[in-house]
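Chain identifiers are assigned alphabetically (A, B, ...) following the order of the sequence lines, protein sequences preceding nucleic acid strands; residue numbering begins at 1 within each chain.
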Amino acid sequence: MRDAIAAALDATALAGATYADARVVETAEERLTVRTGRVEGIESSDSLGIGIRVIADGAWGFGATADLSPDAIRATAREAVALARAAATTVTNPVRLAPVGAYRDTWIGPCEIDPFAIPTEDKLALLLAADEAMRAESAVRVSTASLSFLKVNKVFGSTEGSLIEQSYTEAQAGIVAYAIGDGEMLPRSYPNSHGGQAVQGGWESVLALDLPGNAPRVGEQAAALLSAAPCPAETTTVIIDGSQIALQVHESVGHPTELDRILGDEAAFAGTSFLGLTDLGTLRYGSEHVTVTADATVAGSLGSFGYDDEGVPAQRDHLVREGVLEGFQTSRESAPVIGRLSNGCMRADGWKRQPLVRMTTISLEPGTWGFDELVADTERGIYLETNNSWSIDDRRLNFQFACEIGWEIRDGKLGRMIKNPNYTGMTPEFWGACDAVCSREHWQVWGIPNCGKGEPMQVAHVAHGAAPARFRNVRVGVAR
Amino acid sequence: MRLPLEAVRELAERAIRVTPADAAEALVMSTTSALTRFAGNRIHQNMAETDTQLSIRAVLGTQTGVASTNRLDDDGLARCAAAAVEAARHAPEDPDFGGLPGPLPIVNTQRVNASTAAFDADRRAEAVRAMIEQSATRDQTAAGTVSTSDYAAAVANTGGVSVAMEGDDLRATVLSMGTRGGSGWASMVTNDAAAFSASALGSRAAGIAERAEDPIALDPGTYAVVLAPEAVADIVDFLGYLGFGAKPFSEGGSFLAESLGQRIVSEHISIYDDALSPGTIGLSFDFEGQPKRRTPLIEGGVAAGPVTDSYYARKLGMPNTGHALPAPNPYGPMPLNLEMAAGGTSEADMIASVDRGIYVTRFHYVNVEDPMKVVLTGMTRDGTFLIENGQLTRPVRNQRFTQGVLEALSHVGAVGSQRALFGPGEGAATLVPALLLERWEFTGQTG
């Protein structure tokens with residue numbers, strides 16, 4: 001890998017690049033899926049290649065190849081420089097990078113039990129047991145249980161002298177029961193929807209979830225949803241569980257505080273941001289209960305690393321402090337626009353993609369409330385759990401989320417179950433209506449391994465720490 | 001550069017030969033892609049990538065396992081084959097698996113175009129400059145992409161299937177942003193770069209953006225809508241994703257499940273999947289090497305049936321329509337070349353027939369709230385206009401909708417006479433006309 005990096009950097013210099021970095025990335029994946037009693041897929045894959053990023057004539061170029069022969073690497077490096085020169089015909093302000101140190105280092109993520117070493121029989125036994133337990137309820141006509149594992153080894157080198165080796169393992173596991181009846185299909189997931197919980201870690205993290213132990217409850221709740229009350233259409237108080245708060249943070253704080261979006265670089269695809277550069281330090285993003293951090297040092301989080309894909313060390317930074325906008329997620333190119341150094345948020349989806357500003361672990365910091373105490377303090381409202389659907393406008397203002405399940409809150413107690421609950425709002429107004437966040441005891445990091453951004457599309461593995469939180473005057477039951 | 005067609009075919013055949021299983025299938029996809037991305041009236045990303053993916057499905061009785069790799073030397077191939085066999089060995093027997101499909105004649109569709117192959121970095125930069133100029137001369141900012149994809153695909157199995165095909169496509173998008181809240185959008189996908197006029201595409205987006213400046217607020221409510229073809233493509237794609245596949249059909253989770261042969265939408269709506277349609281892009285065979293065929297999904301408003309692959313065709317007792325995705329996958333067979341039949345009304349005549357309604361250029365961030373009723377929520381974007389007395393009068397802020405698509409398609413006022421092709425490129429595209437729908441529920445708007 002080191003030889004490939006050296007060959008790439010030498011070739012870019014010969015071709016006339018003024019800056020270059022190269023990443024060799026090797027991945028191995030394994031996915032197992034059980035659906036309604038059938039083993040639907042046992043799949044493994046691996047990939048190896050190099051991505052070469054250059055600045056020439058003041059513009060970016062990027063080339064990638066799976067062929068690591070010296071000839072192919074040299075040709076790809078020359079192509080990257082040619083691409084930069086073609087781009088330079090439209091560039092009036094040459095790219096300038098914030099300074100960063102030259103690091104020679106190694107970083108390894110946490111993993112106690114290598115999941116690739118666990119026998120397939122053991123993995124299937126766990127999935128089949130959980131899958132069967134969900135279908136003890138006859139209304140559960142479809143059930144799924146899935147595991148996926150990822151191992152990444154990568155080496156980064158730059159013409160500024162960095163040579164960084166990093167490796168980590170990720171594990172994801174989850175179950176879903178679908179109750180189908182009367183023209184409805186209602187999912188209930190554990191521990192989260194959209195594939196379950198994902199972490200940096202090994203087999204130990206799967207065992208800790210106890211999928212089979214939770215499966216009967218998941219099946220029972222799915223079945224009960226078929227006869228649950230519809231979500232009322234009203235404006236009310238909501239308490240939202242940690243996993244849904246994680247996605248709320250992702251969509252309405254994470255994305256809008258990406259500085260490349262604010263500068264317009266993502267305008268044609270994912271969109272821009274309602275935030276402007278002059279909002280920094282002044283804009284009231286939410287109530288005093290809302291403090292949001294970007295932290296790439298959280299142990300076991302999908303958003304953690306030693307160095308980002310520009311060779312910038314992992315950091316912890318504040319985006320919102322006690323309701324006031326305090327920071328953005330930045331890169332070496334964008335950070336100088338706000339007079340700062342990069343806070344290390346550039347990551348690429350494998351070897352054949354160029355790094356973009358991506359979330360790390362973007363967290364709503366915990367408050368002081370106990371969950372039972374918070375419910376008891378709420379006279380009337382709805383408690384919502386587990387995301388089912390998400391949508392937000394291109395400036396990250398108007399959002400609408402649907403959840404899998406809800407419960408009425410009446411006189412400080414959880415009451416009858418609600419199906420298909422949804423809620424909508426506008427970002428600063430919503431966060432401004434947050435009047436309570438539960439304590440660290442209820443706070444956990446939720447992995448989101450499917451964050452899409454960029455063209456060609458890149459999928460990032462990010463995470464969010466969150467605890468249940470309460471919001472006033474929220475519109476629920478849209479078009480219900 | 002990607003592998004030549006014969007090399008891709010040979011690699012697939014070599015892979016099944018080295019797989020020690022009762023039966024084996026290999027899928028090879030070799031691709032060179034290039035993308036020039038611009039924003040703020042300058043190119044900020046310019047990239048190219050080449051990769052070849054091999055996927056092997058090993059079969060032991062009715063047990064199957066899959067492994068894939070991009071390491072194509074002898075060792076890499078052997079490791080991939082062994083991993084697929086090892087996975088199959090651990091898979092339980094599957095009584096619904098009837099073996100790999102046999103060979104059938106493939107329509108030899110010409111999808112390689114010299115004009116697209118010649119669209120290199122300089123041509124892409126030239127196109128970007130032409131699009132930017134249309135915005136810059138109107139004091140607007142432009143963003144978008146020009147991308148090309150050049151691919152060769154092959155499928156071989158030990159039952160005698162050996163098919164291969166190459167193709168290319170070009171996709172361009174442009175967003176123009178004005179200074180007073182207006183934006184406009186235009187996009188196109190084609191396999192003939194000679195049909196791409198960058199200045200015309202840029203002019204269309206810039207013209208919409210000019211007209212969209214100073215948008216007004218609008219009360220949420222139910223409005224008649226004229227959906228431009230790109231907005232129609234979004235909702236047709238969701239119908240395909242949620243309902244037209246044999247897997248949700250088989251599980252009872254599709255709107256087709258209980259309604260075959262019944263009227264489910266207006267008689268004016270007919271939807272097919274047709275990878276052989278002139279002007280579309282993609283493969284003429286599926287990822288099991290079976291011929292794709294024109295498949296009716298909704299005809300004259302009546303539910304006609306799902307698309308299938310070999311597994312679901314056998315399980316459901318239906319014909320194999322040739323819509324397998326690479327195995328295994330969570331979706332089952334899927335339509336990748338959806339098209340809606342054209343009607344006889346021009347977009348201008350649709351607008352002229354509306355007393356009060358909304359014109360939608362495109363949607364943004366659409367997602368599912370109810371899969372069986374196909375209730376979707378999302379935003380309008382880049383050109384939303386009020387229609388008053390048969391004319392586009394004022395731009396309106398981006399609107400949020402929450403709407404059951406089947407219910408909306410039951411109240412069709414008119415179907416457009418002109419169709420356009422949309423999609424992400426790389427083999428998938430949707431061919432649709434504009435639609436006039438009598439009722440569409442807007443539930444909010446952005447600030």
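Contacts between A:T33 and chain B at a heavy-atom distance below 4.5 Å are absent for every atom of the residue. Using a 4.5 Å cut-off between heavy atoms, A:E251 contacts chain B through its side chain alone, with no backbone atom that close. Using a 4.5 Å cut-off between heavy atoms, A:A267 contacts chain B through both its backbone and its side chain. Both the backbone and the side chain of A:E455 come within less than 4.5 Å of a heavy atom of chain B. If you measure heavy-atom distances from A:I50 to chain B, you find no contacts under 4.5 Å at all. Contact annotation for A:D393: both backbone and side-chain heavy atoms come within less than 4.5 Å of a heavy atom of chain B. A:N420 touches chain B through its side chain: at least one heavy atom from C-beta onward sits under 4.5 Å away, while N, CA, C and O do not. In this structure, chain A has no heavy atom under 4.5 Å from any part of B:D96. Contacts between A:V142 and chain B at a heavy-atom distance below 4.5 Å involve the side chain alone, from C-beta outward. In this structure, chain B has a heavy atom under 4.5 Å from the backbone of A:A270, while its side chain stays farther away. In this structure, no portion of B:F442 lies under 4.5 Å from any heavy atom of chain A. Interface remark: A:R85 contributes no atoms to any contact with chain B (heavy atom separation under 4.5 Å). Looking at A:E184, both its backbone and its side chain come within 4.5 Å of chain B, counting heavy atoms on both sides. Contacts between A:L124 and chain B at a heavy-atom distance below 4.5 Å involve the side chain alone, from C-beta outward. Of the two parts of A:I392, the backbone and the side chain both hold a non-hydrogen atom closer than 4.5 Å to a non-hydrogen atom of chain B. Contact annotation for B:D120: neither backbone nor side-chain heavy atoms come within less than 4.5 Å of a heavy atom of chain A. For chain B, no part of A:R31 is nearby; none of its heavy atoms comes within less than 4.5 Å.
Each of A:L48, A:V39, A:V91 has some count of heavy-atom pairs under 4.5 Å with chain B, and the biggest count is that of A:L48. For the set A:M457, A:E333, A:K123, A:R141, the count of heavy-atom pairs under 4.5 angstrom toward chain B peaks at A:R141. Options B:R400, B:E258, B:E251 differ in how many heavy-atom pairs under 4.5 Å they form with chain A, and the most are formed by B:R400. Between chain A and the residues B:M47, B:M372, B:R57, B:R37, the most heavy-atom pairs under 4.5 angstrom are made by B:R37. Between chain A and the residues B:H364, B:R79, B:M379, the most heavy-atom pairs under 4.5 angstrom are made by B:H364. Considering only heavy-atom pairs separated by less than 4.5 Å from chain B, the leading option among A:R53, A:E30, A:E266 is A:E266. Ranked by non-hydrogen atom pairs under 4.5 Å with chain A, the options B:L175, B:T446, B:T50, B:T402 are led by B:T446. Ranked by heavy-atom pairs under 4.5 Å with chain A, the list B:K247, B:Q403, B:Q445 is led by B:K247. When each of A:E40, A:E79, A:R35, A:E29 is scored by its heavy-atom pairs under 4.5 Å with chain B, the top score falls to A:R35. Ranked by heavy-atom pairs shorter than 4.5 Å toward chain B, the options A:Y178, A:F274, A:F269 are led by A:F269. Put simply, of B:G144, B:S55, B:A143, B:A34, the one with the most heavy-atom pairs under 4.5 Å next to chain A is B:A143. Each of A:G264, A:A84, A:A479 has some count of heavy-atom pairs under 4.5 Å with chain B, and the biggest count is that of A:A479.
Remark: the backbone N or O of B:T52 is not paired with any side-chain donor or acceptor of B:N70 at under 3.5 angstrom. A donor-acceptor contact shorter than 3.5 Å is absent between the side chain of B:T384 and the backbone of B:N398. The backbone N or O of A:S143 lies less than 3.5 Å from a partner atom in the side chain of A:T36, making a donor-acceptor pair. Panel note: side chain B:Q63, backbone B:R89; a donor-acceptor pair is recorded below 3.5 Å. One N or O on the side chain of A:D131 and one on the backbone of A:G37 form a donor-acceptor pair closer than 3.5 Å.
Side chains of B:T62 and B:E93: a donor on one and an acceptor on the other come within 3.5 Å. Using modelled atom types, one finds no donor on one side chain facing an acceptor on the other under 3.5 Å when comparing B:Y365 with A:Q400. Residues B:S135 and B:S176 bring a donor and an acceptor atom of their side chains to less than 3.5 Å of each other. Counting only N and O atoms by type, the side chains of B:R129 and A:T89 include a donor and acceptor under 3.5 Å apart.
Ring centroid separation for the pair B:F363 and B:F401 comes in under the 6.0 Å cut-off. Centroid-to-centroid, the aromatic rings of A:W390 and A:F399 stay 6.0 Å apart or farther.
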Test side chain to side chain contact (heavy atoms under 4.5 Å, CB included) on A:N388 and A:C403 and set out the steps. CA-CA 5 Å; A:N388 194 25; A:C403 290; 5.5 Å; no

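For the pair B:R362 and B:D234, the salt-bridge criterion is not met [side-chain N within less than 4.0 Å of a carboxylate O]. Taking a cutoff of 4.0 Å between a charged side-chain nitrogen and a carboxylate oxygen, A:R480 and B:E369 qualify as a salt bridge. Looking at B:K373 and B:E407, no side-chain N of the basic residue comes within less than 4.0 Å of a carboxylate O on the acidic one, giving no salt bridge.
Annotation for A:D182: atom CG does not count as buried by contact number, only 12 or fewer foreign heavy atoms lying within 6.0 Å.
Between A:V95 and A:W60 there is a side-chain heavy-atom pair separated by less than 4.5 Å.
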